[in-house]
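All heavy atoms count here, side chains included; hydrogens, waters and symmetry mates do not.
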Amino acid sequence: QVQLVESGGGLVQPGGSLRLSCAASGTAFSSDTMRWFRRAPGKQRELVATITSGGTTNYADSVKGRFTVSRDNTKNTVYLQMNSLRPEDTAVYYCYSAVYKHWGQGTQVTVSS
């Protein structure tokens, strides 16, 4: 069955960095478009970044220039490198398979001093 497992979340100070990982199994990963979403407390879910099977990327305006999405098809893993983190980036981050319409369980990111 399809499984997406996120990791790499945690507590970081403003201006710091984190790298999230999402390991996929049970999918044709290299053919899949992968997305990162986030949901902050009291807010609607937000699409943060997308990477297609061909490596084309797109970002929300709120994270452009700070976040980078990448993928390693040999490891069936998608990454989200987050730099210059701000308190407003605090949220649960989820990866999503566009082909299989499947969500990971989420990983908490907290940006606070």
Any side-chain heavy atom of [X] sitting closer than 4.5 Å to one from [Y]?
X      : Y     : answer
Val109 : Leu20 : yes
Lys75  : Phe29 : no
His102 : Asp32 : no
Val78  : Val69 : yes
Ser97  : Leu4  : yes

Can you sort out the partners of [X] under side-chain contact (heavy atoms from CB on, under 4.5 Å), two or more places apart, ordered by chain and number?
X     : value
Ser25 : Gln3
Glu88 : Arg86
Ser53 : none

* Taking all heavy atoms of Ser21 and all of Thr77, pick out the closest pair and write down the distance. =>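 It is CB-CG2, 4.2 Å.
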* Might you point out which heavy atoms bring Ser17 and Asn83 nearest each other, and give the distance in Å? =>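 It is OG-OD1, 2.9 Å.
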* CD on Glu46 to CZ on Arg38, rounded to 0.5 Å ->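 Answer for the CZ-CD pair, Arg38 versus Glu46, is 4.5 Å.
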* Asked: Which residues pass the side-chain hydrogen bond (donor to acceptor under 3.5 Å, both in side chains) test with Asn76, sequence neighbours left out?
  ->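 Checked Asn76 against side-chain hydrogen bond (donor to acceptor under 3.5 Å, both in side chains); zero matches.
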Is there a donor-acceptor pair closer than 3.5 Å between any side-chain N or O of [X] and the backbone N or O of [Y]?
X     : Y      : result
Glu6  : Cys95  : yes
Thr90 : Val111 : yes
Gln81 : Arg19  : no
Arg71 : Thr33  : no

* **Pairs satisfying ring-ring contact (aromatic ring centres under 6.0 Å, His included), at least one member in residues 78-97, at least two apart** =>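 Listed by first then second residue: Phe37-Tyr96, Tyr96-Trp103.
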* Who pairs with Arg66 by salt bridge (Lys or Arg N to Asp or Glu O under 4.0 Å), at least two apart in sequence or on another chain? ->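 Testing Arg66 for salt bridge (Lys or Arg N to Asp or Glu O under 4.0 Å), a comparison that skips the adjacent residues, returns Asp89.
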